[in-house]
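Some notes on the structure that comes next.
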Amino acid sequence: MKLKYERPVVNKINAGMPDKYGMKVKTTALTQIDNIKISDLIAQYGSPVYVLSQKTIEQTFAQAKRAFTNRYPKVQFAWSYKTNYLDAVCQLYHQLGSWAEVVSGFEYRKALQNKVEGKHIIFNGPDKSRQDLKLAIENGSLIHIDHFDELYMLMELAETLSQKPKVAIRVNMNTGIYPQWDRFGFNYENGEAWNALNRIMLNGKMELVGLHTHIGTYILTPAAYGVAAAKLTELAVSLAKKYNHKIKYIDMGGGFASKNTLKGAYLSGADTCPTFDAYAEAITNAIINSEIAPADLPTLILETGRALIDDAGYLLGTVLANKRLADGRRSTIIDIGINMLFTSFWYEHEIYPAKETSVHTEDTTIYGPLCMNIDVIRPAVQFPLLQKDDQVVIKRIGAYNMTQWLQFITLRPNIVLIDNNGKTHIIRTAETNATFLQHERSPF
Ligand SMILES: *Cc1c(COP(=O)(O)O)cnc(C)c1O
């Protein structure tokens with residue numbers, strides 16, 4: 001076979017940064033997922049294609065669960081729908097014992113469709129309509145109040161309904177993490193959270209069942225969770241003192257980091273990401289060392305999203321072309337755009353060739369296929385010289401990409417799940433032009 005001609009270039013040797021093992025010299029290939037060849041997956045399901053591994057989902061979940069249940073008697077996970085609300089994914093987490101954590105009427109109804117019992121749905125977020133709240137009250141769901149307007153709407157609704165709303169408040173606080181997420185829930189330090197709790201208790205029309213916080217996302221400091229848990233236990237202790245009221249749960253939200261590397265980070269995420277054990281240690285220490293009596297210890301709820309599913313997701317694609325930019329820099333265009341990789345805005349996603357390549361790498365910009373200047377998957381990565389039609393794999397994309405994706409210029413591709421027996425299943429079919437015909441109307 002005749003080799004493709006590649007114009008030679010003279011490059012300054014750029015060795016890159018050493019990591020803790022020394023200098024990186026070779027890009028490894030990622031040729032298979034759960035023993036299924038990348039080339040077979042693309043041949044069967046097209047390119048690009050998202051792939052999820054049931055095995056990795058289950059292993060990661062087991063690790064997280066073990067970290068908490070080893071340290072605390074009552075632990076409950078609730079799957080964060082917005083992280084990945086494909087029905088197959090949600091149903092799998094529900095099978096593993098997770099409740100549902102939702103932040104909109106759409107997600108709430110999706111949880112019901114996934115057969116989650118009303119009392120096992122946690123309804124978070126600032127946007128709950130009167131209709132949504134009514135439905136949630138009737139189903140006995142756990143309503144986490146975000147602001148006073150919602151609190152007053154609930155008080156009004158409670159007057160007209162036979163069921164007592166089950167509520168918690170979301171609390172925001174200073175945990176030493178900045179910028180502080182103070183736009184959600186009631187503030188701890190300025191007394192607003194305590195004020196909201198007093199209003200709920202004095203109103204008497206609602207059942208105050210828990211306390212909630214979600215301090216942010218991709219939080220690399222487990223100690224921040226210790227601070228947050230300690231502040232929630234303070235509120236629980238105050239409620240017990242003043243009203244002799246015992247809350248049933250403390251919900252620490254989500255936000256654990258995944259092993260992805262943030263843009264501009266000095267060390268790789270795989271090296272800096274705290275373990276589930278580290279988060280569990282910080283949270284459970286704060287709760288068990290509080291003044292809450294042992295017999296009254298609340299259930300600990302976790303709404304972990306990103307850290308549970310990021311590793312289980314892959315995005316497979318194909319090289320469309322190589323180009324030399326005007327300044328001589330190498331660029332590779334692949335068929336994966338930022339429209340299907342929203343997290344490329346903040347992560348340096350690991351990208352691998354799908355077959356063994358030469359050891360020679362070059363500083364390369366990897367572009368997506370969109371006619372849009374910001375469609376850059378990796379601005380600068382040491383990458384081997386792939387040719388047109390060679391395949392690539394982007395790793396660790398299971399969180400948020402399958403919900404925050406944009407339909408822009410190209411269509412959303414198939415999503416495939418590899419089950420524990422190595423069988424593949426399409427869990428969301430690729431969009432086609434017909435998808436659009438279903439929704440569009442033209443007056444012409
Ligand atoms: C997004 C969200 C989560 C999940 O956050 P991760 O960072 O993905 O773990 C949990 N709880 C609430 C309220 C959220 O908004």
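Note that ligands are numbered from 1 as they come in the structure, with each ligand's atoms numbered from 1 the same way.
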Centroid-centroid under 6.0 Å between Y81 and Y108 rings: no

Tell me, please, which residues at least two apart from H147 pass side chain to side chain donor-acceptor pair (under 3.5 Å). none

Using a distance-only test with no angle check, is there a side-chain donor-acceptor pair under 3.5 angstrom linking Q59 and D311? no

Determine whether the side chains of N174 and Y188 contain a donor N or O and an acceptor N or O closer than 3.5 Å. no

Write out all pairs satisfying side-chain hydrogen bond (donor to acceptor under 3.5 Å, both in side chains) with one or both partners inside residues 221-241, taking only residues at least two apart or from two chains. E189-K231

What does the N/O contact table under 3.5 Å look like for ligand 1?
{"residue": "ligand 1", "atom": "5 (O)", "partner": "Y400", "partner atom": "OH", "Å": "3.4"}
{"residue": "ligand 1", "atom": "7 (O)", "partner": "T217", "partner atom": "OG1", "Å": "2.4"}
{"residue": "ligand 1", "atom": "7 (O)", "partner": "G255", "partner atom": "N", "Å": "3.2"}
{"residue": "ligand 1", "atom": "8 (O)", "partner": "R306", "partner atom": "N", "Å": "2.8"}
{"residue": "ligand 1", "atom": "8 (O)", "partner": "Y400", "partner atom": "OH", "Å": "2.5"}
{"residue": "ligand 1", "atom": "9 (O)", "partner": "G255", "partner atom": "N", "Å": "2.8"}
{"residue": "ligand 1", "atom": "9 (O)", "partner": "G305", "partner atom": "N", "Å": "2.9"}
{"residue": "ligand 1", "atom": "11 (N)", "partner": "E303", "partner atom": "OE1", "Å": "2.6"}
{"residue": "ligand 1", "atom": "15 (O)", "partner": "K82", "partner atom": "NZ", "Å": "2.6"}

Can you name the residues that form a ring-ring contact (aromatic ring centres under 6.0 Å, His included) with F345, not counting sequence neighbours? F342

